[in-house]
Amino acid sequence: MSANPSTVVDSIRWNLSPAGQEQLRLEDLNLAAHLEAKRASIVKHGQHRTVYRVELPSGVVYWKHCRLNGSRAWWREILRGPKAKLEFEKATELAERGIATIEPLAWGRFDQAWPRGSFLITRALEGTVPLDDYLLRSEGDVFVEREYLRLPLPTFVAKLHAAGVTHPDLHPGNLLVRQDADGLNFFLIDVHDLELGPPLGYRARLRNLVLFNRWFQLRSTRSDRFRFWKAYSNSPSAREVARTLELATQLSNSKLWSSRDTRCLRVNRHFRKERGPQSSGFAVRELDATFTKTLVEDPDRPFSNPGVVLLKDSRSATVCLLDVPTSTGTFTMVYK
């Protein structure tokens, strides 16, 4: 049975877009059934959200569960509405403004008075990869096909700003890219906090470009960044403005790093607390939890492993090389 524009399934009240009404049936709106049948798999998990990839008979969709962690998030949902609804509405308006983005099919919340989190279902953008992965996918070459990127990428960013779109976290990880027959096409994601208004003025554009340039300033040449700016601005004063952009980006990066100096000493989306019988500390979340558990349980063990390579062994410190498993392979790191 096809789902209605507003329907309740498994205690969640769903609101569907016209595309969602065409694609989604009532039984498609039951995540527990998808997990049990192994049609759903987790692609991203954190304190604030979990994203599932769900294979439906009508096609692949992504299902985001937005959680409420703490009283601040609870009050924000009371005042602003469900996070999934905001993303649903922003994506819809982006499409109306001619900006390629996720296609929302449905958003839902628990069918009760007080908020408990929300859900968003979007159609899968098949064949896409995050732009940062695309740019760094070749070892030893920072920019793959960078000549080809000089026009499509600045053209897309200029189109965003001309359409009145300000992304508060504009970086390559929040753009998806796909190679189509007509060239590279980009899609804006993570859109729930977008600011939508009239076309951006000079200062607003500069502020948003500084955010975008932070990533590139660490990974690309000045010549590449200048060519990007020339293609974006199409202005005879591009060189002078590019110099202003570069200086503002350097200052922004310095402030960003300063603000993160103590981030590694508290629990957040980047670091987790580790405790053992002999020691405790913090680890980046990308490290395998089983591996870090062995370190806090016996922090001296790596120094006595067979074949260990000691870099230093003195009264003040002992340092060795350690093979550390990660999600992208095993890497040799320094253990002190």
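Sequence positions, counted from 1, serve as the residue numbers for this chain.
- At most 12 non-hydrogen atoms from other residues, nucleotides or ligands lie less than 6.0 angstrom from CZ of R49.
- Interatomic distance, CZ of F282 versus CG of L287, reported as 14.5 Å (0.5 Å rounding).
- Under the 3.5 Å distance criterion, the side-chain polar atoms of Y335 are matched with a main-chain donor or acceptor of P299.
- For the pair T101 (side chain) and L188 (backbone), a donor-acceptor distance under 3.5 Å is present.
- Under the 30°/60° scheme for interplanar angles, the aromatic rings of W14 and W63 are found to stand perpendicular.
- Between the CD1 atom of I12 and the CH2 atom of W107 there is a distance of 11.5 Å, given to the nearest 0.5 Å.
- Checked by atom type and distance alone, the side chain of S304 pairs as donor or acceptor with a backbone atom of R301 at under 3.5 Å.
- Around the CD atom of Q112, the shell of radius 6.0 Å holds more than 12 heavy atoms that belong to other residues, nucleotides or ligands.
- Atom CG of D300 and atom CG of L295 lie 11.0 Å apart (nearest 0.5 Å).
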Please determine whether side-chain contact (heavy atoms from CB on, under 4.5 Å) holds for the pair V296 and S279, giving the CA-CA distance in whole Å, both sets of side-chain angles, and the decisive distance to 0.1 Å. CA-CA 5 Å; V296 295; S279 62; 3.8 Å; yes
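- In this structure, the ring of F187 has its center no less than 6.0 angstrom from the ring center of F156.
- The two residues P57 and D28 come nearest to each other via the heavy atoms CD-OD1, 4.3 Å.
- Put simply, the side chain of T262 never gets that close to the backbone of L265: no donor and acceptor are under 3.5 Å apart.
- Under 3.5 Å, the side chains of S223 and T221 contain no donor-acceptor pair of N or O atoms.
- In this structure, C320 and V308 approach most closely via the heavy-atom pair CB-CG2, 3.7 Å.
- Hydrophobic clustering keeps Y62 apart from L56 (ILVMFWY residues linked when any side-chain heavy atoms are closer than 4.5 Å, directly or through intermediates).
- Put simply, the side chain of L196 reaches to within 4.5 Å of the side chain of L94, judged on heavy atoms.
- For the pair T122 and V61, the minimum side-chain heavy-atom distance is 4.5 Å or more.
- In this structure the side chain of L153 never reaches within 4.5 angstrom of the side chain of V177, judged on heavy atoms.
- To the nearest 0.5 Å, atom OG of residue S58 and atom CZ of residue R25 are 7.0 Å apart.
- Smallest separation of non-hydrogen atoms from L322 and P302: CD1-CB, 3.9 Å.
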Mind listing the side-chain donor-acceptor pairs of residues 79-87 below 3.5 Å, one per line with the distance, residues two or more places apart or on another chain?
{"unit_1": "R80", "atom_1": "NH2", "unit_2": "D193", "atom_2": "OD1", "d": "3.2"}
{"unit_1": "E87", "atom_1": "OE1", "unit_2": "K64", "atom_2": "NZ", "d": "3.1"}
{"unit_1": "E87", "atom_1": "OE2", "unit_2": "K64", "atom_2": "NZ", "d": "3.3"}

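- For R225, the salt bridge (charged side-chain N to carboxylate O under 4.0 Å, His left out) partners two or more places apart in sequence, or in a different chain, are E246.
- Without hydrogens or angle criteria, R123 side chain to L105 main chain gives no donor-acceptor distance under 3.5 Å.
- Counting only distance, with no hydrogens or angles, the side chain of R272 and the backbone of R285 share a donor-acceptor pair below 3.5 Å.
- Note on ring orientation: taking the six-membered ring where Trp is involved, the planes of H161 and Y232 are perpendicular (angle over 60°, cut-offs 30° and 60°).
- Note: Y52 and H34 fail the aromatic proximity criterion, with ring centroids not under 6.0 Å apart.
- Note on V319 and F331: separate hydrophobic clusters, where clusters join Ile, Leu, Val, Met, Phe, Trp and Tyr whose side-chain heavy atoms are under 4.5 Å apart, directly or indirectly.
- Under the 4.5 Å side-chain criterion, counting only non-hydrogen atoms from C-beta, F88 is in contact with S17.
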Carefully, step by step, assess L200 and R207 under the rule side-chain contact (heavy atoms from CB on, under 4.5 Å). CA-CA 10 Å; L200 273 63; R207 285 195 298 270; over 6 Å; no
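- The closest donor-acceptor contact from the side chain of N268 to the backbone of R263 lies under 3.5 Å.
- Applying the side-chain contact (heavy atoms from CB on, under 4.5 Å) criterion to H48, with sequence neighbours excluded, gives N69.
- Under a cut-off of 6.0 angstrom, the local environment of CZ in R266 is crowded, with over 12 non-hydrogen atoms contributed by other residues, nucleotides or ligands.
- Remark: the backbone N or O of R109 is not paired with any side-chain donor or acceptor of S118 at under 3.5 angstrom.
- Side-chain atoms of R97 come within 3.5 Å of backbone N or O of A163 as a donor-acceptor pair.
- Using a 4.5 Å heavy-atom cutoff, the side chains of T92 and P104 are in contact.
- To the nearest 0.5 Å, atom CZ of residue F186 and atom CG of residue L160 are 11.0 Å apart.
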Between R203 and L206, does the side-chain contact (heavy atoms from CB on, under 4.5 Å) criterion hold? Intermediate values first, please. CA-CA 5 Å; R203 292 187 179 279; L206 187 63; 5.6 Å; no
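- In terms of heavy atoms, K336 sits closest to A317 at CE-CB, 3.9 Å.
- Transitive grouping of hydrophobic side chains (ILVMFWY, heavy atoms separated by less than 4.5 Å) brings V9 and L31 into a common cluster.
- With rounding to the nearest 0.5 Å, the separation of CD1 in I42 from NE2 in H65 is 11.5 Å.
- Cluster membership for F216 and F226, using ILVMFWY side-chain heavy atoms within less than 4.5 angstrom, is not shared.
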Chi angles and distances behind the side-chain contact (heavy atoms from CB on, under 4.5 Å) call for L209, V157: CA-CA 9 Å; L209 284 168; V157 177; 4.0 Å; yes
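- You'll find the side chain of L176 reaches within 4.5 Å of the side chain of P130, heavy atoms only.
- Side chain of N213 to main chain of V210: no donor-acceptor pair is present (N/O by atom type, distance under 3.5 Å, no hydrogens or angles).
- Within the 4.5 Å cutoff, the side chain of L321 has no heavy atoms near those of the M333 side chain.
- Taking each heavy atom of A40 and L35 in turn, the nearest pair found is CB-CD2, 3.7 Å.
- In this pair, F228 and F212 present their aromatic rings tilted. The plane angle is within the 30 to 60° band.
- Listed here is the closest heavy atom pair of T330 and P325: OG1-CA, 4.0 Å.
- Counting heavy atoms of neighbouring residues, nucleotides and ligands inside a 6.0 Å radius, atom NZ of K293 does not exceed 12 of them.
- Side-chain contact between L29 and D10 is absent, with no heavy atoms from C-beta onward closer than 4.5 Å.
- Sparse packing is recorded around CD of E36, with 12 or fewer heavy atoms of other residues, nucleotides or ligands lying under 6.0 Å away.
- Transitive grouping of hydrophobic side chains (ILVMFWY, heavy atoms separated by less than 4.5 Å) keeps L251 and L245 in distinct clusters.
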